[in-house]
Amino acid sequence: MWNRLKRYVMLLRIFLAVGGDSRAEYLKKKGYFKSIGNHVYLQPWNFGTEPHLISFGDNVHVASGVTFVNHDITCMMFNYMDKEHHYRLRQGEITIGNNVFIGAKSTVLYDVTIGDNVIIGAGSLVNKDIPSGTVAAGVPCRVIGKFEDYQQKMKKEEMDNL
């Protein structure tokens, strides 16, 4: 019971943290994730049941409503209906590189690596590895452009607004 109470207190502190940067620093201090780099901004407050399987690089920004799923519990259904076999829980790590943005309401599944210099569009379902230097979006998530091209577009828009 004490562990459950400690978890609820931690979740409450995560939920009440003012700003994604302070939330990330608190979780880093607590050793909540497998690893977490510098200059990380985490808007979500729920990181699933296995946050110890999630790694964040440096300069990662995760928008609100992003879900991290580290497991597949269909084994529970199969074990109930098929008493002759034992189905194992499938779970895996999520690894996020450096300089990554994950858009609002995206879902990142287990056994996925998101490379360096990546932008994931809002509402995406990341169910496979995303290579470095790309912009990816969709359900399922797929590469739709280059990170460098998007960065140049942002620079041009900034210059046009001066």
Side-chain angles (χ1 to χ4, degrees), residues 3-79 87-147 150-151:
N3 285 338
R4 185 180 293 176
L5 182 60
K6 282 173 55 177
R7 178 165 168 77
Y8 288 139
V9 168
M10 178 181 255
L11 286 173
L12 182 62
R13 289 204 52 190
I14 294 168
F15 182 71
L16 295 176
V18 178
D21 48 353
S22 64
R23 180 175 293 122
E25 282 302 313
Y26 172 75
L27 293 171
K28 185 177 186 175
K29 186 174 95 176
K30 290 293 187 181
Y32 195 63
F33 300 111
K34 181 175 182 180
S35 65
I36 184 168
N38 296 315
H39 196 255
V40 175
Y41 183 93
L42 301 173
Q43 190 60 40
W45 58 272
N46 185 349
F47 297 92
T49 56
E50 291 90 14
H52 61 278
L53 296 174
I54 303 173
S55 299
F56 296 95
D58 293 330
N59 196 29
V60 174
H61 298 261
V62 182
S64 63
V66 173
T67 305
F68 298 89
V69 181
N70 292 98
H71 63 276
D72 173 359
I73 60 170
T74 54
C75 64
M76 294 173 153
M77 176 194 61
F78 289 133
N79 284 332
Y87 299 86
R88 288 182 10 167
L89 174 73
R90 294 178 2 195
Q91 65 181 18
E93 294 186 13
I94 294 172
T95 304
I96 300 168
N98 300 316
N99 308 314
V100 173
F101 172 80
I102 302 175
K105 296 189 178 182
S106 293
T107 299
V108 183
L109 299 182
Y110 64 95
D111 286 339
V112 164
T113 296
I114 298 173
D116 296 336
N117 303 322
V118 172
I119 297 170
I120 303 293
S124 296
L125 173 64
V126 185
N127 63 344
K128 63 181 184 251
D129 292 352
I130 304 298
S132 293
T134 60
V135 175
V139 178
C141 193
R142 62 182 175 80
V143 174
I144 61 171
K146 295 180 182 177
F147 182 90
Y150 188 78
Q151 185 179 19

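Keep in mind that the numbers below use all heavy atoms, side chains included, and drop hydrogens, waters and symmetry copies. On a predicted model such as this, the values are computed, not experimentally measured, just so you know.
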Without swapping roles, check the side chain of Ser124 against the backbone of Gly138 for a donor-acceptor pair under 3.5 Å.
yes

Please check this pair: side chain of Lys146 against backbone of Gln151, looking for a donor-acceptor N/O pair closer than 3.5 Å.
no

Within a 6.0 Å radius of atom CG on Leu89, are there more than 12 heavy atoms belonging to other residues, nucleotides or ligands?
yes

Count the heavy atoms of every other residue, nucleotide or ligand shown that sit under 6.0 Å from OH of Tyr150, and state whether that count exceeds 12.
no

What's the separation between atom [atom1] in [X] and atom [atom2] in [Y], rounded to the nearest 0.5 Å?
X	Y	atom1	atom2	value
Arg90	Leu109	CZ	CG	10.5 Å
Met77	Thr74	CE	OG1	6.0 Å
Lys34	Glu93	NZ	CD	3.0 Å
Ile36	Leu27	CD1	CG	6.5 Å
Ile114	Thr134	CD1	OG1	9.0 Å

Close side-chain approach of [X] and [Y], heavy atoms under 4.5 Å:
X	Y	answer
Val112	Asn127	no
Gln91	Tyr110	no
Asn99	Asp116	no
Asn70	Thr49	no
Lys28	Asn38	yes
His39	Asn59	yes
Cys75	Arg88	no
Ile54	Val108	no

What verdict does the side chain to side chain contact (heavy atoms under 4.5 Å, CB included) test give for Ile96 and Ile102, after you've listed the backbone C-alpha separation in whole Å, the side-chain angles of each residue and the deciding distance to 0.1 Å?
CA-CA 10 Å; Ile96 300 168; Ile102 302 175; 3.8 Å; yes

Which heavy atom of [X] sits nearest to which heavy atom of [Y], and what is that distance?
X	Y	answer
Gly123	Ser106	N-OG, 3.4 Å
Pro44	Arg23	O-CD, 3.1 Å
Gly133	Val118	N-CG2, 4.1 Å

With Thr107, which of Val126, Thr67, Val139 fulfils side chain to side chain contact (heavy atoms under 4.5 Å, CB included)?
Thr67

Of the options Leu53, Val40, Leu42, which is the one that meets Phe33 in a side chain to side chain contact (heavy atoms under 4.5 Å, CB included)?
Leu42

Take the angle between the ring planes of His61 and Tyr41 and call it parallel below 30°, perpendicular above 60°, tilted in between.
parallel

